[in-house]
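First listed ligand is number 1; within each ligand, the first listed atom is number 1.
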Amino acid sequence: MAGIDYGERIPNNVGLSENRRLQRALEEWQPKFLDWWRGMGPTGFQEKDVYLRTAVSVDAQGWAQFDWVRMPEYRWGLFLAEAEPGRTIGFGDHLGAPAWQDVPGEYRGVLRRLIVTQGDTEPASVEQQRHLGATCPSLYDLRNLFQINVEEGRHLWAMVYLLDAYFGRDGREESEALLQRRSGDRDKPRILGAFNEKTPDWLSYLMFTYFTDRDGKYQLASLAESGFDPLSRTCRFMLTEEAHHLFVGETGIGRVVQRTCELMREGKTDDVRRLGALDLATLQKYINFHYSVSLDLFGSEASTNAANFYTMGLKGRFEEAKKRDDHRLKDATYAVSELTGDRITIREMPALPSLNERLRDDYITDCQRGVDRWNQIIKKHEIDLELRLPHRGFRRAIGLFAEVKVAPDGRVLSEAEWDARKHEWLPTEADQAYLQSLMRPVTERGRFANWIAPPPRGVNGQPLDFAYVRLG
Ligand code: BYC
């Protein structure tokens with residue numbers, strides 16, 4: 001089962017050739033996907049050879065193979081993690097029952113919506129990043145961008161497989177709709193807020209891969225606990241690909257911090273803009289923006305949807321199987337923020353409707369780890385400043401804090417105070433214009449833009465001056 005059949009038109013390890021109806025449905029969808037990729041995928045570079053990795057099997061050893069590929073010829077396929085024999089449902093009302101191999105009829109609509117919401121983010125992110133190739137800071141970074149883009153495309157395939165294989169005609173309609181919505185489009189926007197924002201420059205992209213892809217990690221990990229076994233296995237394999245996206249974000253921002261600190265030391269100045277780099281104050285503003293947009297992706301603090309997903313056995317907690325409790329949570333409580341006038345307090349609330357907040361807490365802890373590592377870089381340069389995650393209520397559009405204005409330090413502000421100070425906390429038009437002025441392509445082998453340090457090593461043991469994308 002672990003091996004992937006690349007002899008087929010659609011590479012897969014799901015026995016596609018034994019299911020003619022599904023094979024036909026997916027083979028009809030494939031050219032539409034390619035049309036979407038050509039129209040909405042990376043602008044330019046489609047005919048260039050890119051040094052990409054492709055999954056060759058889903059087990060730990062045989063995962064990836066690196067080779068030169070033109071992106072439209074990338075072998076997008078259907079890969080599920082290996083089945084766990086005898087797997088049972090790990091939480092909710094069906095705890096202990098055998099995991100479902102088919103969609104439980106009564107949960108069909110809810111499950112379809114979860115899969116569609118997840119699926120919608122994947123092409124959205126490709127659309128958001130499509131113009132970045134033109135301003136890449138190096139061939140190494142360009143290659144990593146394209147790797148992420150093709151894998152997001154594969155994650156779309158992963159969700160379309162579930163829709164087509166398990167949801168009949170409505171599933172096929174949803175698969176079509178996933179190719180029709182467009183990030184940022186007024187009439188046909190993508191479903192979740194963060195996926196309609198622009199990714200206009202490489203700093204925003206690195207922030208996106210750090211903060212927004214990390215939401216992906218937590219949502220996929222919760223869906224990997226699902227009692228619906230095909231969803232669980234699909235998400236388990238997606239998580240292995242997701243790890244590279246998070247690596248790009250964390251190390252990418254780390255390299256920007258590194259370069260900034262080097263220039264601050266060399267130039268004996270905080271004003272590294274004069275030296276053509278990004279000052280730490282601007283980095284902080286971009287952290288504030290992308291972190292707050294990503295916090296919204298977890299939904300409201302109190303959500304009956306989240307409670308239902310759990311009780312139904314469809315979406316678990318992060319690392320559900322490692323938790324030592326009753327996995328039903330009917331009588332449990334969880335500490336959730338609350339607004340009392342202009343004060344933010346904490347109150348024990350029923351655990352089930354608080355599951356979004358709990359997942360957000362797991363996410364926040366994980367986000368902090370990377371910020372700590374960036375601060376280590378700053379400290380090593382003997383610079384007295386720390387990057388910080390803003391308060392969870394800062395600039396929120398979903399949930400409790402959408403009703404108020406909150407400063408990065410957690411103080412509730414009046415509208416007037418917020419308006420007077422928001423330019424200190426969020427990228428201004430001038431910041432964005434400055435950033436745009438840095439976005440000049442660097443495509444010479446082994447060279448890197450002035451605002452970002454080279455990585456410590458290349459991809460797959462290759463040197464830094466390797467032709468990661470053959471432009472000639
Ligand atoms: N924007 O009960 P509530 C990734 C809606 S990222 C707009 O609080 P719920 C990736 C919500 O739909 C991971 N609308 O929320 C990363 C609901 O609508 P209805 C993506 C929003 O349902 C980078 C209403 O508000 N995967 O993979 O508990 C690159 C009340 O909502 C938003 C998933 O998200 C928003 N931000 O939770 C590529 C997993 N938030 O019912 C890929 C699947 C909420 O009133 N999705 N609403 O019409 C879910 O688990 C849930 O849908 C959510 C929302 C956690 C997103």
Side-chain angles (χ1 to χ4, degrees), residues 109-130 145 147-159 162-163 174 178 181 183-184 189-197 199 204-226 228 231-232 234-235 238-239 241-246 248-249 290-312 314-318 336 352-360 362-363 367 395-402:
V110 184
L111 194 51
R112 192 185 61 210
R113 219 180 100 198
L114 271 175
I115 294 171
V116 166
T117 309
Q118 177 63 49
D120 191 67
T121 63
E122 315 290 359
S125 69
V126 175
E127 292 166 1
Q128 287 171 297
Q129 296 168 12
R130 62 192 294 259
L145 167 72
Q147 182 72 56
I148 290 177
N149 292 160
V150 293
E151 285 176 358
E152 299 299 7
R154 208 205 65 74
H155 290 182
L156 170 61
W157 272 92
M159 292 300 124
L162 294 175
L163 290 169
E174 293 286 9
L178 284 167
R181 284 185 290 272
S183 174
R190 292 295 175 182
I191 297 170
L192 297 174
F195 295 88
N196 289 304
E197 297 284 347
T199 311
S204 302
Y205 154 76
L206 295 173
M207 292 286 171
F208 182 96
T209 49
Y210 186 79
F211 289 110
T212 308
D213 273 284
R214 194 170 308 276
D215 169 52
K217 168 182 162 184
Y218 281 82
Q219 299 295 345
L220 289 174
S222 305
L223 294 173
E225 302 286 344
S226 183
F228 178 48
L231 175 61
S232 164
T234 302
C235 290
M238 289 164 77
L239 279 166
E241 292 168 313
E242 204 64 42
H244 171 254
H245 310 183
L246 298 174
V248 167
H290 287 272
Y291 176 65
S292 57
V293 167
S294 303
L295 286 183
D296 273 342
L297 289 170
F298 290 83
S300 315
E301 292 76 7
S303 165
T304 41
N305 284 345
N308 290 338
F309 298 155
Y310 188 85
T311 307
M312 292 168 176
L314 302 179
K315 183 180 174 190
R317 287 170 293 176
F318 181 64
V336 178
L352 282 171
S354 307
L355 283 166
N356 284 344
E357 188 68 353
R358 184 178 199 134
L359 193 61
R360 187 163 24 236
D362 291 330
Y363 167 85
C367 284
R395 203 196 155 273
R396 292 286 301 283
I398 299 276
L400 178 70
F401 295 109

(message) With a heavy-atom distance limit of 4.0 Å, tell me whether His155 approaches ligand 1 through its side chain, its backbone, both, or neither.
(response) neither
(request) Could you tell me whether atom 43 (C) of ligand 1 has at least one protein heavy atom nearer than 4.0 Å? (result) yes
(request) Give, for atom CG of Leu220 and atom CZ of Phe318, the distance between the pair rounded to the nearest 0.5 Å. (result) 11.0 Å
(message) For atom 13 (C) of ligand 1, what's the nearest protein heavy-atom neighbour? Residue, atom name and distance, please.
(response) Asp215 OD2, 3.2 Å
(request) Measure the acute angle between the ring planes of Phe298 and Tyr363, then classify it against the limits of 30° and 60° as parallel, tilted or perpendicular. (result) tilted
(message) I need the Glu301 CD to Ser303 OG distance, nearest 0.5 Å.
(response) 10.0 Å
(message) Suppose we measure from atom 53 (C) of ligand 1 to each protein heavy atom; which comes out shortest, and what is that distance?
(response) Leu297 O, 4.1 Å
(message) Give me the residue, atom name and distance of the protein heavy atom closest to atom 51 (C) of ligand 1.
(response) Phe309 CE1, 4.3 Å
(message) Just to confirm my output: which protein heavy-atom neighbour is closest to atom 16 (C) of ligand 1, and how far is it?
(response) Thr212 O, 3.4 Å
(message) Below a 4.0 angstrom heavy-atom separation, can you tell me which part of Thr304, side chain or backbone, both or neither, approaches ligand 1?
(response) neither
(message) Checking the N or O distance criterion of under 3.5 Å, is ligand 1 in contact with Gly193?
(response) yes
(request) Would you check whether Arg113 has a nitrogen or oxygen atom less than 3.5 angstrom from a nitrogen or oxygen atom of ligand 1? (result) yes
(message) Nearest 0.5 angstrom please: Arg358 CZ to Arg317 CZ, how far?
(response) 4.5 Å
(request) Write down the atom of Leu223, the atom of Cys235, and the distance for their closest heavy-atom approach. (result) CB-SG, 3.7 Å
(message) Below the 3.5 angstrom mark, is there an N/O of Asn356, backbone or side chain, next to an N/O of ligand 1?
(response) yes
(message) Would you compute the distance between atom CG of Leu239 and atom CD of Glu241 and round it to the nearest 0.5 angstrom?
(response) 9.5 Å
(request) State whether the shortest distance between N or O atoms of Ser300 and N or O atoms of ligand 1 falls below 3.5 angstrom. (result) yes
(request) Output the distance between atom CG (Leu163) and atom CG (Leu178), rounded to the nearest 0.5 Å. (result) 6.5 Å
(message) With a 4.0 Å cut-off on heavy atoms, is Tyr218 in contact with ligand 1?
(response) no
(request) Answer yes or no for atom 28 (O) of ligand 1: protein heavy atom present at a distance under 4.0 Å? (result) yes
(message) If you scan the protein for heavy atoms around atom 46 (N) of ligand 1, do you find one that is closer than 4.0 Å?
(response) yes
(message) Counting only nitrogen or oxygen atoms and a 3.5 angstrom limit, does Gln118 reach ligand 1?
(response) yes
(message) For Ser294, is there any backbone N or O sitting under 3.5 Å from a side-chain donor or acceptor partner on Asp215?
(response) no
(request) Give the contacting part of Ser125 toward ligand 1: side chain, backbone, both or neither, where contact means a heavy-atom distance below 4.0 Å. (result) side chain
(request) For Glu197 and His290, indicate whether the former's side chain and the latter's backbone hold a donor-acceptor pair under 3.5 Å. (result) no
(request) Flag Asp213 as yes when one of its N or O atoms lies below 3.5 Å from any N or O atom of ligand 1, and as no otherwise. (result) no
(message) Are the side chains of His155 and Glu242 in contact, using a 4.5 Å heavy-atom criterion?
(response) yes
(message) Once you restrict to heavy atoms under 4.0 Å, what part of Thr117 touches ligand 1? Side chain, backbone, both or neither.
(response) side chain
(request) Could you name the option among Lys315, Glu357, Gln219, Glu301 that has the heavy atom nearest to atom 50 (O) of ligand 1? (result) Lys315
(message) Checking the side chain of Asn196 only, and the main-chain atoms of Pro189 only, is there a donor and an acceptor separated by less than 3.5 Å?
(response) no
(request) Using protein heavy atoms only, decide if any is under 4.0 Å from atom 5 (C) of ligand 1. (result) no
(message) How far is atom 32 (C) of ligand 1 from the closest protein heavy atom, and which atom is that?
(response) Ile398 CD1, 3.5 Å
(request) Give the residue, atom name and distance (to 0.1 Å) of the protein heavy atom nearest atom 54 (C) of ligand 1. (result) Gly299 CA, 4.2 Å
(request) Of all the heavy-atom pairs spanning Ile148 and His245, show the shortest one and how long it is. (result) CG1-CD2, 3.7 Å
(message) Could you measure the distance from the CG atom of Leu206 to the CG atom of Asp213? Nearest 0.5 Å is fine.
(response) 11.0 Å
(request) Output yes when a side-chain donor or acceptor of Arg360 lies under 3.5 Å from a complementary backbone atom of Gly299, and no otherwise. (result) yes
(message) Below the 3.5 angstrom mark, is there an N/O of Ser303, backbone or side chain, next to an N/O of ligand 1?
(response) yes
(message) Looking only at protein heavy atoms, which one is nearest to atom 36 (N) of ligand 1, and what is the separation?
(response) Asp296 O, 3.3 Å
(request) Pull out every atom of ligand 1 sitting under 4.0 Å from any heavy atom of Asn305, numbered as shown with elements. (result) 2 (O), 9 (P), 22 (O), 28 (O), 41 (O)
(message) Using only atom types and a distance under 3.5 Å, with no angle test, would you say the side chain of Arg396 pairs donor to acceptor with the backbone of Val293?
(response) no
(message) Looking at ligand 1, would Ile191 count as a contact under a 4.0 Å heavy-atom criterion?
(response) yes
(request) Using a 4.0 Å heavy-atom threshold (strictly under), name the region of Phe195 that reaches ligand 1: side chain, backbone, both or neither. (result) side chain
(message) Ring of Tyr218, cation from Arg214 - is the NZ or CZ under 6.0 Å from the centre and inside 45° of the axis?
(response) no
